[in-house]
Chemist: 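I have a structure I would like to understand better, so I am pasting it below and will then ask my questions one at a time.
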Amino acid sequence: MSAKYTEYQQLNLPSISEEILARWQEEKTFEKSVELREGKQPFVFYEGPPSANGLPGIHHVISRTLKDLVCRYKTMQGFQVKRKGGWDTHGLPIELGVEKELGITKEDIGKKISVEEYNKKCREVVMRYKDKWDDITQKMGYWVDLNHPYITFENNYIETLWWCLSELYKKGYLYESVSIQPYSPAAGTGLSSHELNQPGTYKDVKDTSAVAMFRLTSPHQTSPRGGGFEDSAISKIFHAITESSQVPSTGGDLGEASAFILAWTTTPWTLPSNLGLTVGPNIDYALVKTFNPYTHLPVNVILAKALVPKYFKPEGENGDFEAYTVETKLLPWKIIAEFKGAELEGLSYEQLLPGDANTLEKIREITPGAEPFKVILGDFVTTEDGTGIVHTAPAFGADDFRVGKKNNLGILTLVDKEGKFIDGVGEFSGRYVKNYKDQKDYADVNVDISVKLKKENRAFKVEKYEHNYPHCWRTDKPIIYYPLDAWFIKTTAVKDRMVELNKTINWKPAATGTGRFGNWLENMVDWNLSRSRFWGTPLPIWKTEDGEETKCIGSISELQQEIKKSYDAGFSKVPSFGGDLGEVDLHKPYVDDIILVSDAGRPMKRVPDLIDVWFDSGAMPYAQWHFPFENKESFKESFPADFIAEGVDQTRGWFYTLHALGVLLFDSVAYKTVVSNGLVLDKNGNKMSKRLGNVVNPFETIEQFGADATRWYLITNASPWDSLKFDIEGIREVQRKFFGTLYNTYQFFALYANVDGFSFKEDHIPVKDRPEIDQWILSSLNSLVKETASQFDEYEPTQAGRAIEDFVDEHLSNWYVRLCRRRFWKGEYEHDKICAYQTLYECLETLSGLMAPIAPFFADWLFLNLNAVTGRSNQSSVHHTDFPLAVESMIDTDLEKRMQLAQDASSLILSLRKKVNIKVRQPLQKVFIPALDAQMAQRIKQVEGIIMAETNIKEIDLLEADNDFIRKKAKANFKTLGKKLGAKMKWAAEQIMGFDNATIDKVAEGEYLLNPGFEAAGEEPIYINSEDLEVATDHIPGYEIAAKGSLTVALDISISEDLKKEGDAREFVNRIQGIRKDSGFNLTDRISLTVSENADLQPALIQYKDYICAEILADSLAFLPVIPDGTEIEVNDVLLQVNVLKKGK
RNA sequence: AGAUCCGUAGCUCAGCCUGGUUAGAGCACUACACUGAUAAUGUAGGGGUCAGCAGUUCAAAUCUGCUCGGGUCUACCA
């Protein structure tokens, strides 16, 4: 234990960080903080694994600060919080990085470089920046176990993933299906949603869009669904047409005068693959008689009624059909029939662009029994744009695929994987649907298709259409949606359960859980697991060539057994995987070489897919423990998590996959509380990106300002879930305002405590025996403890931090210390002084605990400095102590209120002094304060000493309530009266404004009738009482007054001869203190003083000699006619020569 | 396109849930003061159509609806 509190030259947060960090490392403070809670209730935290192949950014610092502070807080509360770190090591970003580095593309893998070498490279790169990450982790003070992290590429980890998959497989949640996925013909690869969400992939492009005309087949060619022919929509349509055009109703073929269904597309190249037209069941459709604007032939078209104005001008309605010619600009039109979408279901139409490849025979070859070319229903259809009827090509759209399957339309994929038409699509065969090959003379096939349609009377409108369309971020070419084989997890099977369990999760902010996440769950689709990449967890599914038999492997030993079987059956060349040493690598290409044997004795090959990396991280609760192969206990204790936190961008990422797997595998939530933090933007509100060059380097920031100021700023500036505009100036402010103030307070304490040798060795003085101001600051402190704890409990660290800030600034520094300064350096070391030391010590000590979660270094520094002298705690770090507990008995709200009164009164008096230009050092005799009621009088009496001392006033004259010296002013209490009076409120407010003292007093006595003439006016009587008034002092005759709310002060500004002398004496003291300080004297150095004789000041100095000598620690004060080598000082406009000599030299 | 968050002083944010009188704080700016905590502090001042419009109400920054602007996420959008 040291004898003295360490004093510092100036606040240096970075060096505090360094010093404390070194200590933590040396003493293994983190490890100890976990060990100390051995056997205590666990608080479970999951670390969302970062990927170490990129550098950490400032946004990592905020989410990790959040995680860290919660874990620290819970530890201090007595929980044991183990924090296993982790690394995300698979996935596309890593592969892409490697490709870039090697200068290759996906197609080169397996050709220019073997998969083995490629994966080896990935494995090397994965931990490239691990050092940097470890560095920032330590420097920012993030406590997480980096010595035993989980690493997603390790066999143990993968083995658990396989176990999870096989569990899902057993439950029937794993299935294979064709799905429509984003596909880049230019790159020849499917794209993940991740890739599609790279910045800049969605671009505004102008495409040729076409409204195509699908001719309905005649009634006799159509087989209406159920019911009589007469009731069907088709008959309605043909009746309407024949009637309106006076064509004899033969029921026969109307040729080009027939009805056409209009359907819009921005991708005309999908039209040859059209197999259906989808309408909305509840949408109103209209049959419009008009002309084709290109061919000028009379036609009848069907489209959504709501969209008719989009294609037809109002002036053309019921226009002159007879007069229409090629030159007519205005298209005449007329609605001749209307129907609901549901009525149209089942109608047949002529194929738009028939060819050899899309004949009915071909279609049925692919999909036996398919029934294409009919109108079907779909709930995704809107009337937002297009025609309200969706051209449906099942191969090229997910919705199309779904409804196509449901309605047995079949499927046509007339475009190959290179993005060109296959043979049998007429003149379009062999042409690329978009310019994928950068051909200079590329002619847009979409335009040609449109032209063909125009010529054939099959296009109603062709125009350039600007829309937002996804592009392959690598080739910059538009993607298409294309059918690909994939494996899925049937998450939709447990959708209801996921929704239900989600309601039990504590989301911060709540809106993310109900809104963003809730909506996402409601609209959930099955989880597409397949990725056709190389570096990732292989899908452990083996399949026979015909796909009839599959096996899902759930562990390495199971795999070995199966290999043995296969070896015995003669398929596998080796009896086991990985040779004698059991050194297996569960990655490609090794697993792909394994051939297993099916139950029926046929060879099986592995499905070449990898799984979505999100599965890796979503399964971390199990895989981090290598469950169920090991650590069953550890897993049981740590599932589900009490708390997780990540960026809000993880809502549909990690938060989702954790939840999905928790529900699928264990019918449980995976976490009980989740905090999602917002983005970190630059100071102008732009997203940080390397491209804009506005990224903040967290290393530099922490180096410059220390971790504490950075953390404090990040946490207190905005709620974690609001996006944060990061401004370095903000950190500077935190450093100065908060840490600077707290540091000064500590310095102040240390300075005097060292002088007096205070080391808390005296008995603890009961709070009730301490002065009122001590009781007050301790009351505020305990209120703060309560507030802070409850905010931390609610996962509102921002509020907690702000409360601490307010306390330090407003209460501790600018009131308690300011008022109590003298108590620390004046007088003997006895009761009052010890009270002051104990009180200030307790404040600082408690603060170190309260702030420890957010500012761990500074808090520990403060704690250690204090504890080094007193040894009050037997812990070697604040992080090992218990979080401060509020002592209810020390909270005195009335005391806090009257201190507020004292602060307000002082502030008002100081402002009056300022107004009349009388400095605080000049004592004044009296201040009047009207007390509006007995309680207020009582309160002021209790704090009058404080007010007098603070403002240098000799007496406070309380003016009691019934004093007619002051004039009162009343205002209506809108809140109480408004409810009673309603519309008469305004009138009442005016009445009350005009009240005089007598009336106000009358109201205070009891019920007062506001409208005596109510009977004559035929109104209800209005009674008001004191509650309905807010009374303030309007005026005190003859005095300068100032007021705040109901508090008013009136200052007597006359300065008597005596007061003037006292003021001079104080001014003189002040000047001598200045000299002491400038001369570098110690606080305790005693001096002797000589002053030049002066008629103006001498009487004052003599009269207050004792006071002066006591203040400036002078043993003698002498007057001489001349002071050689004196210092000139100015005291209230009088010049003096003084000589200050340090004694004992 | 949908969902969601946000829009209050030059800047960063309170206040909004639970409507009430003159909308606050810090930073920055200006002036003055203070000075044994001093790279601090106090006092005063300028600075606001509370994004806009409409509605509910005696009363709207606050409640409701719409619009606009920004962020994020999601998206098969024809």
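Numbered from 1 within each chain, the chains take letters A, B, ... in sequence-line order. Atom set for the values below is all heavy atoms of this structure, side chains included, hydrogens, waters and symmetry mates excluded. Please read these numbers as outputs of a predicted model, since none were measured by experiment.
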Chemist: On a whole-Å scale, what distance lies between the C1' atoms belonging to B/G15 and B/C58?
Modeler: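 Those two atoms are separated by 23 Å.
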
Chemist: Mind checking who B/A1 pairs with, Watson-Crick or G-U wobble, both distances under 3.5 Å?
Modeler: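 The answer is B/U74, by the H-bond criterion.
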
Chemist: Taking atom types as they are modelled, would you say the side chain of A/Ser813 forms a donor-acceptor pair with the base of B/A37 within the 3.5 Å cutoff?
Modeler: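 Answer yes: a donor N or O sits under 3.5 Å from an acceptor.
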
Chemist: Okay, side chain of A/Tyr743, backbone of A/Arg736: is any donor-acceptor separation there less than 3.5 Å?
Modeler: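 No, because the side chain of A/Tyr743 does not come within donor-acceptor range (under 3.5 Å) of the backbone of A/Arg736.
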
Chemist: For A/Phe974 and B/U57, what is the distance between atoms CZ and P respectively, to the nearest whole Å?
Modeler: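 Computing the A/Phe974:CZ to B/U57:P distance gives 19 Å.
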
Chemist: When we call it a touch if two heavy atoms are under 4.0 Å apart, what does A/Arg736 touch: a base, just sugar-phosphate, or nothing?
Modeler: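 Sugar-phosphate, backbone atoms only, no base.
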
Chemist: Let me spell it out: for each of A/Arg821 and A/Asp400, pick the nucleotide of RNA chain B with the closest heavy atom. Which residue's pick is nearer the 5' end?
Modeler: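 Of the two residues, A/Arg821 wins.
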
Chemist: Can we call the ring centroids of A/Tyr837 and A/Phe824 under 6.0 Å apart?
Modeler: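 Yes, the ring of A/Tyr837 comes within the 6.0 Å limit of the ring of A/Phe824, centre to centre.
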
Chemist: If we take the P atom in both B/G46 and B/G24, what is their distance in whole Å?
Modeler: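 Nearest-Å result for B/G46 against B/G24 at atom P: 13 Å.
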
Chemist: A/Glu805 has an atom CD; how far is it from atom P of B/G26, in whole Å?
Modeler: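 Atom-to-atom, A/Glu805 to B/G26, this comes out as 13 Å.
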
Chemist: Write down the partner of B/U57 under the Watson-Crick or G-U wobble criteria, each distance required to be under 3.5 Å.
Modeler: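 Paired with no nucleotide.
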
Chemist: Could you state the atom-to-atom distance from OH of A/Tyr746 to C1' of B/A37 in whole Å?
Modeler: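 For the pair A/Tyr746 OH and B/A37 C1', the rounded distance is 14 Å.
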
Chemist: May I have the distance from A/Lys737 (atom NZ) to B/G26 (atom P), rounded to whole angstrom?
Modeler: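 Interatomic distance, NZ of A/Lys737 to P of B/G26: 7 Å.
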
Chemist: Any side-chain N or O of A/Tyr481 less than 4.0 Å from the OP1 or OP2 oxygen of B/C77?
Modeler: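 For B/C77, OP1/OP2 do have a side-chain N/O of A/Tyr481 under 4.0 Å.
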
Chemist: Quick one: sort the A/Tyr752 and A/Phe748 rings into parallel, tilted or perpendicular, breaks at 30° and 60°.
Modeler: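 Correct class here is perpendicular.
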
Chemist: Need the pair for B/G7. Rule: Watson-Crick or G-U wobble, both distances under 3.5 Å, any strand; none if unpaired.
Modeler: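 When the pairing criteria are applied, B/C68 turns out to be the nucleotide that pairs with B/G7.
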
Chemist: Roughly how far apart, to the nearest Å, are B/A60 and B/A51 at atom C1'?
Modeler: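 Nearest-Å result for B/A60 against B/A51 at atom C1': 16 Å.
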
Chemist: Side chain of A/His391 only, please: which of B/C27, B/A78, B/A37 is the nearest?
Modeler: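 Given the options B/C27, B/A78, B/A37, the side chain of A/His391 is closest to B/A78.
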
Chemist: Tell me the partner of B/A28, counting only Watson-Crick (N1-N3 plus N6-O4 or O6-N4) or G-U wobble (N1-O2 and O6-N3) with both under 3.5 Å; none if nothing fits.
Modeler: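 Per the H-bond distance test, none.
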
Chemist: Rounded off to whole Å, could you give me the CG-to-P distance for the A/Asn814 and B/C34 pair?
Modeler: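 One finds 18 Å between P of B/C34 and CG of A/Asn814, rounded.
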
Chemist: Have a look at A/Tyr752 and say if it touches a base, only the backbone sugar-phosphate, or nothing, with a 4.0 Å heavy-atom cut-off.
Modeler: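 Here A/Tyr752 touches the backbone only, sparing every base.
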
Chemist: Atom NZ of A/Lys461 and atom NZ of A/Lys310: how far apart are they, to the nearest 0.5 Å?
Modeler: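 These two atoms lie 7.0 Å from each other.
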
Chemist: What is the minimum heavy-atom distance between A/Glu7 and A/Gln747, and which atoms define it?
Modeler: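 Smallest heavy-atom distance, with atoms named: CA-OE1, 3.6 Å.
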
Chemist: Touch check for A/Ala989, heavy atoms < 4.0 angstrom, all strands: base, sugar-phosphate only, or nothing?
Modeler: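 Result for A/Ala989 = nothing.
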
Chemist: Look at all strands and tell whether A/Thr745 reaches a base, only sugar-phosphate, or nothing, counting heavy atoms closer than 4.0 Å.
Modeler: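 Base, at least one base heavy atom under 4.0 Å.
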
Chemist: How far does the P atom of B/U4 sit from the matching atom of B/U67, given to the nearest Å?
Modeler: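 Roughly 14 Å separates the two P atoms.
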
Chemist: When rounded to the nearest Å, what value does the distance between C1' atoms of B/C66 and B/U30 take?
Modeler: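 Pairwise C1' distance, B/C66 against B/U30, rounds to 43 Å.
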
Chemist: Using the C1' atom as the reference point in each nucleotide, state the distance between B/C29 and B/G47 in Å, no decimals.
Modeler: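 Their C1' atoms lie roughly 10 Å apart.
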
Chemist: Considering only B/U41, B/U38, B/C58, which nucleotide approaches the side chain of A/Asn744 most closely?
Modeler: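 Given the options B/U41, B/U38, B/C58, the side chain of A/Asn744 is closest to B/U38.
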
Chemist: Taking only the side-chain heavy atoms of A/Val390 (C-beta and beyond), determine which of B/A78, B/C76, B/A37 contains the nearest atom.
Modeler: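 The closest nucleotide is B/A78.
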
Chemist: According to the Watson-Crick and G-U wobble definitions, with both distances under 3.5 Å, which nucleotide is paired to B/C34?
Modeler: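 Because no pair has both required distances under 3.5 Å, B/C34 counts as unpaired.
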
Chemist: B/A78 P sits how many Å from A/Leu409 CG, rounded?
Modeler: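 The answer, rounded to whole Å, is 19 Å.
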
Chemist: Apply side-chain contact (heavy atoms from CB on, under 4.5 Å) to residues A/Leu484 and A/Val178 and explain how you reach the verdict.
Modeler: CA-CA 5 Å; A/Leu484 299 169; A/Val178 170; over 6 Å; no

Chemist: Strictly distance-based, threshold 3.5 Å: is any side-chain N or O of A/Thr387 a donor or acceptor partner for the main-chain N or O of A/Ile389?
Modeler: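 Yes, A/Thr387 side chain to A/Ile389 backbone: donor-acceptor pair under 3.5 Å.
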
Chemist: Categorize A/Gly978 for me: base, sugar-phosphate, or nothing, with a 4.0 angstrom heavy-atom threshold over every strand shown.
Modeler: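 Since a base atom lies under 4.0 Å of A/Gly978, the category is base.
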
Chemist: When you compare B/G45 with B/G2, how far apart are their P atoms, in angstrom units rounded to a whole number?
Modeler: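 Between the two P atoms, the distance is 49 Å.
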
Chemist: Tell me the interatomic distance from A/Leu977, atom CG, to B/G19, atom P, rounded to whole angstroms.
Modeler: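 So the two atoms are 17 Å apart, to the nearest Å.
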
Chemist: In whole angstrom, give me the gap between the P atoms of B/U64 and B/G20.
Modeler: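 Comparing P positions in B/U64 and B/G20 gives a spacing of 15 Å.
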
Chemist: Among the candidates B/C77, B/A78, B/C27, find the nucleotide nearest to the side-chain atoms of A/Pro470.
Modeler: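 Minimum distance to the A/Pro470 side chain belongs to B/C77.
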
Chemist: Tell me the interatomic distance from A/Leu377, atom CG, to B/A78, atom C1', rounded to whole angstroms.
Modeler: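 Rounding to the nearest Å, CG of A/Leu377 and C1' of B/A78 are 16 Å apart.
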
Chemist: Which of the following nucleotides, B/U12, B/C77, B/A78, is nearest to the side chain of A/Asn717?
Modeler: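 Closest nucleotide to the A/Asn717 side chain: B/U12.
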
